[in-house]
Amino acid sequence: MKLAVLPGDGIGPEIVAQAVKVLEVLNKDGMKIEMEHAPIGGAGYDAAKDPLPEATLKLARAADAVLLGAVGGPRYDALDRPLRPERGLLRIRKELNLFANLRPALLYPELAGASSLKPEVVAGLDIMIVRELTGDVYFGQPRGIEVRNGERVGFNTMIYSESEVRRVAHVAFGIAMKRGKKLCSVEKANVLECSELWKEVVAEVAKDYPEVELSSMYVDNAAMQLVRNPKQFDVIVTGNIFGDILSDQASMLSGSIGMLPSASLDENNKGMYEPIHGSAPDIAGKDIANPLATILSVAMMYRYTFADMATADRIENAVKKVIAQGYRTGDIYTDGCKKVSCSQMGDAVVAAM
Ligand code: NAD
């Protein structure tokens, strides 16, 4: 298996180094993972004046999967927009056609106190949000700002084709089949034609998955239900903009942004795996970042791209074990636990494996 490793900026290299330790354990056990590192984001700009250098894209295309740290930092904020680190990230997602973004929101029982909601509301939380990633109002044409009737107007186009909805719906139903067999499609069909079509197409796809219980919910209600009673959800499928907002909201249910992995998949389950957090420039270079989201991203890689559930379970169980043993980086630390650095947390996971 060929893996493109793109550490990126800020804490990216520190957290990715811990994930690489985990991969090295798997290699020692005979996995044969070939890893090649390349720059992206600000590091790409520094190396080749491009946040997604040609060589990095070539490597990512040739690889079976991509592991990414995070991109961005104040050093690059003054660059022209096309040269900014975040553009490299958007481009690689688009170039690799990674249309399905999977974001679990899972709460480890020992971390219930770290959530902003009452422990009884979030204890045992385990949701998967499937967000469409390459369409919707973020990419729809026409878009722009222009003068009409003597004043400026800004406009974007919310647009989905049947085929775009169908392919992400299949991914979501497939995931629901492997979990609790419940799927909630989130849209705004009472107001938007685009959502009306979304809802119809998802209902058509549902016929291929008779075992999955499908429901639909308006996005405003879904935002409310996610904080009122989040455990009612198993898998949620939604469009790009609704998913952007809801998945960030759901991530905070579980306490720390440093715990949550993500996957972005194409039609053949090739994927890019990355923590949901950014490059955290405020703590970069201090060896204090939480590497668990990145390590859990490797587990997702085994589950979704390599279809190796046993290895995915092995990594996830090792993370559960270090949490149960009381190891905590600063972001999830509470009194009485063992405070560890980023690299010590990586070592603890390796030991638990
Ligand atoms: P951020 O996610 O980097 O940080 C938000 C807060 O969470 C910070 O206080 C940070 O210290 C903390 N944090 C984040 N990850 C952590 C971890 N693993 N362990 C412990 N604490 C952690 O978001 P931001 O500060 O808004 O953005 C910083 C930079 O990251 C910006 O340049 C932004 O554009 C970029 N960004 C990149 C991505 C990505 O690469 N996918 C995502 C979001 C933001």
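For clarity, every value in this text was computed on a predicted model and none was experimentally measured. For ligands, and for the atoms within them, numbers begin at 1 and follow the listed sequence.
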For atom 19 (N) of ligand 1, closest protein heavy-atom neighbour: Asn290 N, 2.9 Å
Test item: protein heavy atom less than 4.0 Å from atom 5 (C) of ligand 1: no
SB check Lys182 Glu213 (cutoff 4.0 Å): no
Sidechain N-carboxylate O distance under 4.0 Å for Glu14, Lys286: no
NZ/NE/NH1/NH2 to OD/OE distance under 4.0 Å, Asp50 and Arg91: yes
Protein contact for atom 9 (O) of ligand 1 (heavy atom, distance under 4.0 Å): yes
Mode of Ile283 contact toward ligand 1 - side chain, backbone, both, neither (heavy atoms, under 4.0 Å): side chain
Salt bridge flag under 4.0 Å for residues Arg314 and Glu316: no
Protein residue, atom and distance nearest to atom 34 (O) of ligand 1, heavy-atom basis: Glu86 OE2, 2.4 Å
Ile15 touching ligand 1 at heavy-atom level, < 4.0 angstrom: no
Any side-chain donor near an acceptor of the partner, Asn269 and Thr305, under 3.5 Å: no
Part of Ile11 within contact of ligand 1 (heavy atoms, under 4.0 Å): side chain
Lys/Arg N to Asp/Glu carboxylate O, Arg103 vs Asp244, below 4.0 Å: no
Axial cation check for Phe139 ring with Lys94, 6.0 Å and 45° limits: yes
Close-contact set for ligand 1 against Gly72 heavy atoms, below 4.0 Å: 32 (O)
Atoms of ligand 1 close to Val71 [distance to a heavy atom under 4.0 angstrom, numbered from 1]: 30 (O), 35 (C), 36 (N), 37 (C), 40 (O)
Salt bridge Asp335-Arg328, side-chain N to carboxylate O under 4.0 Å: no
Heavy atom of Ser279, distance to ligand 1 below 4.0 Å: yes
Short N or O distance, Gly73 and ligand 1, threshold 3.5 Å exclusive: yes
Side chain, backbone, both or neither: Ile288 near ligand 1, heavy atoms under 4.0 Å: neither
Ala280-ligand 1 polar pair, N/O distance under 3.5 Å: yes
Exercise check, heavy-atom protein proximity under 4.0 Å to atom 27 (O) of ligand 1: no
Ligand 1 N/O within reach of Arg93 N/O, cut-off under 3.5 Å: no
Minimum non-hydrogen distance to atom 23 (O) of ligand 1, winning option of Ala293, Ala289, Gly278: Gly278
Numbered atoms of ligand 1 (with element) below 4.0 Å of Leu89, judged on heavy atoms: 39 (C), 40 (O), 41 (N)
Atoms of ligand 1 close to Glu274 [distance to a heavy atom under 4.0 angstrom, numbered from 1]: 41 (N)
Aromatic ring pairing Tyr76/Tyr45, orientation class (parallel under 30°, perpendicular over 60°, tilted between): perpendicular
Numbered atoms of ligand 1 (with element) below 4.0 Å of Pro281, judged on heavy atoms: 28 (C)
Protein heavy-atom partner closest to atom 7 (O) of ligand 1 - residue, atom, separation in Å: Ile257 CG2, 3.8 Å
Test: Arg167 cationic atom under 6.0 Å from Phe99 six-membered ring centre, within 45° of axis: yes
Proximal atoms of ligand 1 relative to Ala70 (non-hydrogen, under 4.0 Å): 40 (O)
Within-cutoff protein neighbour (heavy atom, under 4.0 Å) for atom 30 (O) of ligand 1: yes
Leu214 side chain reached by Val202 side chain, heavy atoms, under 4.5 Å: yes
Electrostatic pair Asp220-Lys188, nearest N-O below 4.0 angstrom: yes
Contact bool for atom 44 (C) of ligand 1 (protein heavy atom, d < 4.0 Å): yes
Residues Thr134 and Glu132: side-chain donor-acceptor under 3.5 angstrom: yes
Any side-chain donor near an acceptor of the partner, Asp266 and Asn97, under 3.5 Å: no
